[in-house]
Amino acid sequence: RDHCDGFYGQSALLVQFLVERRQGDQFVEFVEQSLDHGYDRALRTDYNIAGVAQLAQLCKANFQAAGSEDSNGRVHASISKTDSPTMPLQ
């Protein structure tokens, strides 16, 4: 169950990160493009991000800048503005 919770939390954070960079309709376009052409191409086309590796770096840097890194270098972020628990990004 912990793995599912972690996956859900990371997915929510990723969607939030992408939606905040562009409007919501751009995210829908990205999802459609990723199904047709793969994630790397869709990221380049829709977000001007080189690929999944760069996306991971950008997300981690974004959460580090928010001051959500623990003493072990893991990034923790809340998936909502409520009192939900935080979880590390893998």
Side-chain angles (χ1 to χ4, degrees):
R1 174 168 163 124
D2 289 337
H3 294 291
C4 290
D5 290 344
F7 176 77
Y8 174 77
Q10 289 176 4
S11 297
L13 290 169
L14 178 60
V15 169
Q16 178 182 356
F17 176 79
L18 290 172
V19 168
E20 287 176 354
R21 288 181 64 100
R22 303 278 185 173
Q23 302 209 350
D25 57 341
Q26 185 74 29
F27 178 73
V28 172
E29 179 67 23
F30 162 73
V31 171
E32 291 171 353
Q33 290 292 322
S34 68
L35 293 173
D36 292 340
H37 304 290
Y39 294 113
D40 287 337
R41 181 173 168 185
L43 284 165
R44 283 191 304 273
T45 301
D46 296 322
Y47 288 95
N48 199 31
I49 295 174
V52 173
Q54 185 184 19
L55 175 62
Q57 291 172 346
L58 291 170
C59 285
K60 186 170 183 178
N62 181 64
F63 295 118
Q64 286 172 335
S68 54
E69 186 176 43
D70 68 16
S71 61
N72 295 320
R74 293 183 304 189
V75 176
H76 293 257
S78 177
I79 61 171
S80 72
K81 294 182 181 179
T82 64
D83 291 329
S84 62
T86 60
M87 57 195 64
L89 294 176
Q90 302 297 321

Contacts of Glu20 that satisfy side-chain hydrogen bond (donor to acceptor under 3.5 Å, both in side chains) - sequence neighbours left out: Gln16
Closest approach of Ala42 and Ser34, non-hydrogen atoms and distance? CB-N, 3.5 Å
Is there a side-chain contact between Phe27 and Val31 (heavy atoms, below 4.5 Å)? yes
In terms of the angle between their ring planes, are Phe30 and Tyr39 parallel, tilted or perpendicular, with boundaries placed at 30° and 60°? tilted
Does Arg21 have any side-chain hydrogen bond (donor to acceptor under 3.5 Å, both in side chains) partners at least two apart in sequence or in another chain, and if so, which? none
Keeping the roles fixed (side chain from Gln26, backbone from Asp46), state whether a donor-acceptor pair exists under 3.5 Å. yes
Separation of Leu18 CG from Leu13 CG (nearest 0.5 Å): 11.0 Å
Does the side chain of Leu14 reach to within under 4.5 Å of the side chain of Gln10, using non-hydrogen atoms? no
Can I get a per-line list of side-chain donor-acceptor pairs under 3.5 Å for residues 48-57, giving both atom names and the distance, sequence neighbours left out?
| residue | atom | partner | partner atom | Å |
| --- | --- | --- | --- | --- |
| Gln54 | OE1 | Ala50 | N | 2.5 |

